[in-house]
Trainee: 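Encoded as structure tokens, here's the structure I'll be asking about.
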Amino acid sequence: MPSKTDVAPWWRHAVIYQIYIRSFADGNGDGLGDIAGIRSRLPYLADLGVDAIWITPWYRSPMADGGYDVADFREIAPEFGTLSEAERLIEETHKHGLRIILDIVPNHTSDQHRWFLNALAAEPGSPQRARYWFRPGRGPAGEEPPNNWLSVFGGPAWTRLHEDNGRPGEWYLHLFAPQQPDLNWTNPEVRAEFEAILRFWFDRGIDGFRIDVAHGLAKHPLLPDINVRSAQFPPGLVEAAEMRGEAVAQHPHWDREDIHEIFRQWRWMADSYAATPQGARMFVAEAWRIRTGGLAQYLRMDELHSAFNFDFLKCPWDADKLRTTIDTHLAMLAQVGAPATWVLSSHDVTRPVTRYGLSGDWTQLRVGLDAGLVDIELGSRRARAAALLMLALPGAAYLYQGEELGLPEVDDLPTDILQDPIWERSGHQIRGRDGCRVPLPWSDTLPALGFSTRKPWLPQPPQWSTLSVESQTHNLGSMLTLYREALRLRRTYSAFLDGHLRWVEAPSRVMAFKRGKDVMCLVNFATDPTPLPAYDKVLLASGRLDGHMLPPDTAIWLQCKE
Ligand code: NOJ
Ligand code: CA
């Protein structure tokens, strides 16, 4: 088991690898990734040099939203394995010197969760319905939804029931798909149940949780209409609009004050494990729609440990904008003493190699892409530089499976096999997130590129054989080699553990900063090569140097004198 005697708690500077379980590795040959697949690839992850893994939901689920619709938080989905396999995975992960965190989905359950099934069978106004948000409709016959809230996946956030007598009845709230009814966090049973679930997994050795939709748990008790611009966007585009920062203060269902009390309780519980051999447990929040600067409130000493910095992920490839984003974030976190948590990629956004290769505005993170507009070579070059930038910043970083292989977005999946609910809910306007969820290529020769012995649940582009782990392992110029080397250096040089960064003067459109006394990171965003400063040793470069010059879209780590 990883030691708990590190100088700073592990999560303050860890690199955590996100496993999207159905696409990582298939251990039983049914075309779907599973726990057995993860167990077989633990040596790969340890060798890559990450500190921990995060596994996306593996609980029993009808999979209406890739497992983010949970039917039972204490059971493993049979397609992924069994509870005893999960326990063995936890043990083996620790034996490999890695930590393991899970995904908790507290904003909603599946519509197949026993609580929701009981609610459907119960009367309006019953205690069973009080665990969710059931309301009569508006209009003379209740035919209008109770308010104008929209689902993040498109369409209204309300679905109407047919009661036992077949007559239309109450409506229920779902900020995501109709199969994901929102829980009512003012209900004490909901709070008690989630505390018990967290303990269930902590007691099995889980080191922490990524909290899904952490900013969404509290709703305005009166469920008022949203009287803001975001409500005027056509269905399906609300999320894109809000991602562009058009969410407002005092939103009735995002980032409300009541959330903090829930997380204070969770923190208390995670800290209560301090005396166990593994030490206290941790949380990382997924919170997109937070008022400017508001993230610090989630990261106060007695609340959550960390939260993804999505501004960094959304920031265009621009030295000034990135520097401002980094500075703003670090200054905000300094108020509460929290570490930064950087991320460039996830199962929800267009892969960086494609994003950075897109011309125009790619701040809408999951548009239907026109492949003609993507310059993959440019995108790969920038993604390599972005990796060195991110891994040189103070704090923790998350890698999404396949990022270390430089996988591009698969933007031409046939529409009849798309599984993301966004595709249907947006009226076929937005393809959704399947393109970043295509199964990993492990081998250049085996069927399904070594992912499975059967047809994978989403087809892999045949040209991915050259991007497979096998192809890249001994290729010194590959993305995988770059990540391995960067992670090795991050572990070797103590400068990376220091929580600070010092900017160094640099030419326009060049970013330069120092970590500790002797490590410098330089990134060239300009269109011309830029001269390197005086240095003792090149630790790592994201591309080939041009003599003493750093080419455009390239990053370098240097060892320099103080
Ligand atoms: C965020 C998750 O990352 C995403 O995949 C999911 O669809 C939504 N939350 C709803 O749970
Ligand atoms: Ca399988």
Side-chain angles (χ1 to χ4, degrees), residues 18-41 54-59 61-71 73 76-82 85 102-111 113 151-154 157 173-183 209-217 238-239 242-243 253-254 284-289 307-308 310 313 343 345-350 365-366 398 400 419-426 430 432-437 439-440 448 450-458:
Q18 180 192 351
I19 294 181
Y20 191 71
I21 183 166
R22 58 176 46 227
S23 304
F24 183 67
D26 176 15
N28 69 348
D30 65 355
L32 207 66
D34 48 35
I35 296 179
I38 302 175
R39 289 174 65 198
S40 73
R41 297 294 180 180
W54 148 33
I55 303 179
T56 51
W58 60 4
Y59 317 106
S61 162
M63 304 287 169
D65 181 23
Y68 283 93
D69 47 319
V70 180
F73 286 93
I76 298 290
E79 52 269 62
F80 295 151
T82 62
E85 277 182 282
L102 298 182
D103 222 310
I104 189 78
V105 190
N107 182 65
H108 41 263
T109 67
S110 158
D111 62 351
H113 190 284
S151 153
V152 168
F153 292 159
L173 175 70
H174 52 85
L175 291 180
F176 293 87
Q179 298 89 338
Q180 294 166 297
D182 277 53
L183 286 163
F209 278 95
R210 176 259 192 195
I211 306 173
D212 189 64
V213 200
H215 56 303
L217 308 192
V238 171
E239 188 168 37
E242 292 191 322
M243 278 178 174
H253 63 69
W254 297 138
V284 56
E286 185 228 17
W288 287 92
R289 299 167 192 80
F308 296 118
F310 291 124
L313 178 151
V343 58
S345 186
S346 82
H347 64 297
D348 286 333
V349 298
T350 303
L365 295 173
R366 52 181 110 105
Y398 282 72
Y400 172 51
Q419 304 212 5
D420 187 344
I422 290 181
W423 172 243
E424 288 301 330
R425 299 277 303 169
S426 70
I430 303 180
R433 302 160 292 178
D434 293 307
C436 62
R437 300 174 175 181
L440 289 195
F451 166 74
S452 174
T453 48
R454 277 240 209 112
K455 197 168 152 221
W457 71 281
L458 283 177

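Whatever order the structure lists ligands and atoms in, that order sets their numbers, starting from 1. On a predicted model such as this, the values are computed, not experimentally measured, just so you know. Residue numbers run from 1 in the order of the sequence given.
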Trainee: Rounded to the nearest 0.5 Å, how far apart are OG1 of T56 and OH of Y68?
Mentor: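 With rounding to 0.5 Å, OG1 (T56) is 5.0 Å from OH (Y68).
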
Trainee: Show me which atoms of ligand 1 lie under 4.0 Å from any heavy atom of H347.
Mentor: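 Numbered from 1, ligand 1 contributes 2 (C), 3 (O), 4 (C), 5 (O).
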
Trainee: With sequence neighbours left out, which residue pairs that include part of residues 20-30 fulfil the salt bridge (charged side-chain N to carboxylate O under 4.0 Å, His left out) condition?
Mentor: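 Qualifying pairs, neighbours excluded: none.
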
Trainee: So, of the N/O/S atoms that D34 has, which is the nearest one to the Ca ion (ligand 2)?
Mentor: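 When I compare the N, O and S atoms of D34, OD2 is nearest to the Ca ion (ligand 2).
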
Trainee: About how large, to 10 degrees, is the angle OD1 of D26, then the Ca ion (ligand 2), then O of L32?
Mentor: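 Value returned, to the nearest 10°, is 80°.
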
Trainee: Return the CD to CD1 distance between E79 and I21, rounded to the nearest 0.5 Å.
Mentor: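 Here the interatomic distance stands at 9.5 Å.
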
Trainee: Closest non-hydrogen protein atom to atom 7 (O) of ligand 1, residue and atom name please, with distance?
Mentor: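 Looking only at protein heavy atoms, the one closest to atom 7 (O) of ligand 1 is D65 OD2, 2.6 Å.
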
Trainee: Under 4.0 Å from any heavy atom of V213, which atoms of ligand 1 are there?
Mentor: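 So the atoms of ligand 1 that pass are 9 (N).
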
Trainee: Show which atoms of ligand 1 fall inside a sub-4.0 Å distance from at least one heavy-atom site of R437.
Mentor: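 Listed by number with element, the hits are 5 (O).
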
Trainee: Do the non-hydrogen side-chain atoms of R437 and Y400 ever get within less than 4.5 Å of each other?
Mentor: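 SC-SC contact between R437 and Y400 confirmed.
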
Trainee: Is the ring centre of W288 less than 6.0 Å from the ring centre of F310?
Mentor: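 Between W288 and F310, the centre distance is under 6.0 Å.
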
Trainee: Mind checking ring pair (Phe, Tyr, Trp, His ring centres under 6.0 Å) for W457 and listing every partner two or more places apart, or none if nothing turns up?
Mentor: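 W457: no ring pair (Phe, Tyr, Trp, His ring centres under 6.0 Å) contacts found.
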
Trainee: For H108 and H174: C-alpha separation, side-chain torsions, deciding distance, then whether side chain to side chain contact (heavy atoms under 4.5 Å, CB included) applies.
Mentor: CA-CA 8 Å; H108 41 263; H174 52 85; over 6 Å; no

Trainee: Looking only at protein heavy atoms, which one is nearest to atom 2 (C) of ligand 1, and what is the separation?
Mentor: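 Here the closest protein heavy atom is D212 OD1, 3.1 Å.
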
Trainee: Which atom, counting only N, O or S, brings D30 closest to the Ca ion (ligand 2)?
Mentor: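 Per the distance ranking, D30 contributes OD1 as its closest N/O/S atom to the Ca ion (ligand 2).
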
Trainee: Taking only heavy atoms of H108, which atoms of ligand 1 are found under 4.0 Å from at least one of them?
Mentor: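 Contacts of ligand 1 toward H108, numbered from 1: 10 (C), 11 (O).
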
Trainee: Under 4.0 Å, heavy-atom basis, I'd like to know which part of F153 is in contact with ligand 1: side chain, backbone, both or neither.
Mentor: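 Just the side chain.
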
Trainee: Note the single closest protein heavy atom to atom 5 (O) of ligand 1, along with its residue, its atom name and the distance in Å.
Mentor: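 Here the nearest protein heavy atom works out to D348 OD1, 2.8 Å.
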
Trainee: Short question: side chain of S110, backbone of S61 - any donor-acceptor pair under 3.5 Å?
Mentor: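 No, the answer is negative, given that no donor and acceptor are paired below the 3.5 Å cut-off.
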
Trainee: Does any N, O or S atom in N28 come within less than 3.0 Å of the Ca ion (ligand 2)?
Mentor: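 An N, O or S atom of N28 is closer than 3.0 Å to the Ca ion (ligand 2), so yes.
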
Trainee: In this structure, does ligand 1 have an atom that sits under 4.0 Å from one of the heavy atoms of R210?
Mentor: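 Contact present.
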
Trainee: Heavy atoms only: give me the nearest H347-C436 pair and the separation to one decimal.
Mentor: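 For H347 versus C436, the nearest heavy atoms are O-SG, 3.4 Å.
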
Trainee: Using a 4.0 Å cut-off to any heavy atom of E286, which atoms of ligand 1 qualify?
Mentor: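 That gives atoms 1 (C), 3 (O) of ligand 1.
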
Trainee: Output the list of atoms in ligand 1 that are nearer than 4.0 Å to some heavy atom of R433, sorted by atom number.
Mentor: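 Near R433, the atoms of ligand 1 are 4 (C), 5 (O), 6 (C), 7 (O).
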
Trainee: Do the ring planes of W54 and Y398 sit parallel (below 30°), tilted (30 to 60°) or perpendicular (above 60°)?
Mentor: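 Perpendicular.
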
